[in-house]
Amino acid sequence: MGRLLALSLLGIALALLGERLLALRNRLKASREVESVDLPNCHLIKGIEAGSEDIDILPSGLAFFSVGLKCPGLHSFAPDKPGGILMMDLKEENPRALELRISRGFNLASFNPHGISTFIDSDDTVYLFVVNHPEFKNTVEIFKFEEEENSLLHLKTIKHELLPSVNDIIAVGPAHFYATNDHYFSDPFLKYLETYLNLHWTNVVYYSPNEVKVVAEGFDSANGINISPDKKYIYVADILAHEIHVLEKQPNMNLTQLKVLELDTLVDNISIDPSSGDILVGCHPNGQKLFVYDPNNPPSSEVLRIQNILSEKPTVTTVYANNGSILQGSSVASLYDRKLLIGTLYHRALYCEL
């Protein structure tokens with residue numbers, strides 16, 4: 001009887017593991033291939049060889065790139081080189097990416113930047129918020145951008161128990177932001193277990209000097225985040241659920257879910273077209289290729305444009321797609337004056353004139 005019970009429990013456990021594995025493959029879109037959608041007038045950006053995970057562009061046309069992200073278990077083309085912040089002036093005829101100097105006292109050797117966001121204060125001071133993973137920990141760094149010197153002055157490092165696995169950030173004040181946690185846990189093994197079991201424990205946190213709180217939760221893996229041009233709505237990408245969530249911002253900074261847009265790809269960072277309010281999303285058509293890197297079968301890239309997301313039937317179009325022969329693992333796409341920048345998790349970056 002005891003052996004029969006043990007055998008039954010083993011069978012149940014194996015069936016559960018098999019079901020979870022199949023579900024994970026579906027969440028990763030492990031069988032999906034992408035057909036190329038090419039853009040004319042594109043070239044790879046010189047100086048970006050190991051990823052440009054996030055990009056943010058000022059109204060003046062200055063674009064900031066977060067480069068050199070490293071995560072446990074993730075491929076890297078420059079594993080021993082610290083990350084950095086690059087800048088490109090899109091108003092120049094032939095813009096180049098230049099690395100910004102960072103003020104003394106900041107630990108450059110462990111700089112591991114992830115999501116970024118800019119905020120322009122009422123006195124025109126530009127702040128750059130950077131999600132940082134020094135030694136695979138989680139902090140948010142706030143810098144002041146000094147344009148005349150092409151440099152960043154480090155102002156503050158933020159750590160908090162409600163920010164255990166920060167992915168992306170949207171600044172809403174000089175020391176105020178919303179941030180996504182892509183996992184509930186910070187321990188690598190528990191992160192893997194959480195993803196495997198599909199617990200839906202990830203969230204969005206609001207941070208200010210006076211208050212820190214969870215304002216939205218229940219995501220599979222909350223990833224990219226941005227804000228609508230009128231500042232009324234927050235957009236959140238749930239990468240493994242293939243969804244964009246539209247949340248309404250309340251006066252107390254809480255978020256109320258308004259709608260969910262389901263897509264057929266792993267959605268990463270979100271950018272807003274300043275001229276139209278359209279949403280641009282850097283996507284991963286096949287997440288298994290992204291996380292299990294094979295140079296002979298590299299991860300593909302995909303950029304989607306979402307128009308009229310608040311309407312009953314938003315329009316979704318593919319702006320760019322590539323099988324990895326040119327660009328591997330697209331994570332972000334940002335547009336300024338018909339100039340499109342596409343960044344990747346750990347590969348190159350693309351500049352296109354539309």
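Computed from a predicted structure; not experimentally measured.
Note: Tyr178 and Tyr206 have tilted aromatic rings, judged against thresholds of 30 and 60 degrees for the angle between ring planes. Classified by interplanar angle (parallel below 30°, tilted 30° to 60°, perpendicular above 60°), the ring pair Trp201/Phe185 is tilted. Note: Tyr127 and Phe129 have perpendicular aromatic rings, judged against thresholds of 30 and 60 degrees for the angle between ring planes. Between Phe111 and Phe143, the two ring planes are perpendicular [angle over 60°; tilted spans 30° to 60°]. Taking the six-membered ring where tryptophan is involved, the planes of His75 and Tyr293 are essentially parallel, since the angle between them stays under 30° and well short of 60°. A tilted orientation is assigned to the rings of Tyr351 and His43, their planes being inclined by 30° to 60°.
Using a cutoff of 4.0 Å between basic side-chain nitrogens and carboxylate oxygens, Glu33 and Lys289 are scored as salt-bridged. In this structure, Glu353 does not pair ionically with Arg338, as no charged nitrogen and carboxylate oxygen lie closer than 4.0 Å. Ion pairing between Arg96 and Asp89 fails under the 4.0 Å rule for side-chain N and carboxylate O. One finds no salt bridge joining Lys91 and Asp337 here, because no Lys/Arg side-chain nitrogen approaches an Asp/Glu carboxylate oxygen to under 4.0 Å.
Side-chain atoms of Glu302 and Ser300 form no donor-acceptor pair, as typed in the model, at a separation below 3.5 Å. Side-chain N/O atoms of Ser66 and His114 include no donor and acceptor closer than 3.5 Å. Defined by atom type and a distance below 3.5 Å, a donor-acceptor pair is present between the side-chain atoms of Asn203 and Asn181. With no hydrogens or angles considered, no side-chain donor-acceptor pair links His242 and Glu262 at under 3.5 Å. Checked by atom type, the side-chain pair Asn210/Ser208 shows no donor-acceptor distance below 3.5 Å. Neither side chain, Thr125 nor Lys144, offers a donor N or O lying under 3.5 Å from an acceptor on the other. In summary, the side chains of Thr118 and Asp56 do present a donor paired with an acceptor at a separation below 3.5 Å, with no hydrogens or angles considered. Side-chain atoms of Asn269 and Glu53 form a donor-acceptor pair, as typed in the model, at a separation below 3.5 Å.
Of the possible donor and acceptor atoms, one in the side chain of Asn132 sits under 3.5 Å from a partner among the backbone N and O of Asn112. Using modelled atom types, one side-chain atom of Asn322 and one backbone atom of Ile326 make a donor-acceptor pair closer than 3.5 Å. In this structure, Lys259 contributes its side chain and Ser311 its backbone to a donor-acceptor pair below 3.5 Å.
For the side chain to side chain contact (heavy atoms under 4.5 Å, CB included) test with Ile270, the passing option among Ile234, Ile170, Asp168, Asn226 is Asn226; the others fail. Each of Ile116, Val67, Leu341 was checked for a side chain to side chain contact (heavy atoms under 4.5 Å, CB included) with Ile55, and the lone residue meeting it is Leu341.
A centroid separation of 6.0 Å or more is found between the aromatic rings of His200 and Phe219. Taking the centre of each ring, Phe77 and His347 come in below the 6.0 Å mark. Between Phe145 and Phe64, the gap from one ring centroid to the other is short of 6.0 Å.
What you find for Leu327 and Ser301 is that their closest heavy atoms are O-OG, 2.8 Å.
One distance of note links CD of Glu99 with CG of Leu86; it measures 5.5 Å at 0.5 Å rounding.
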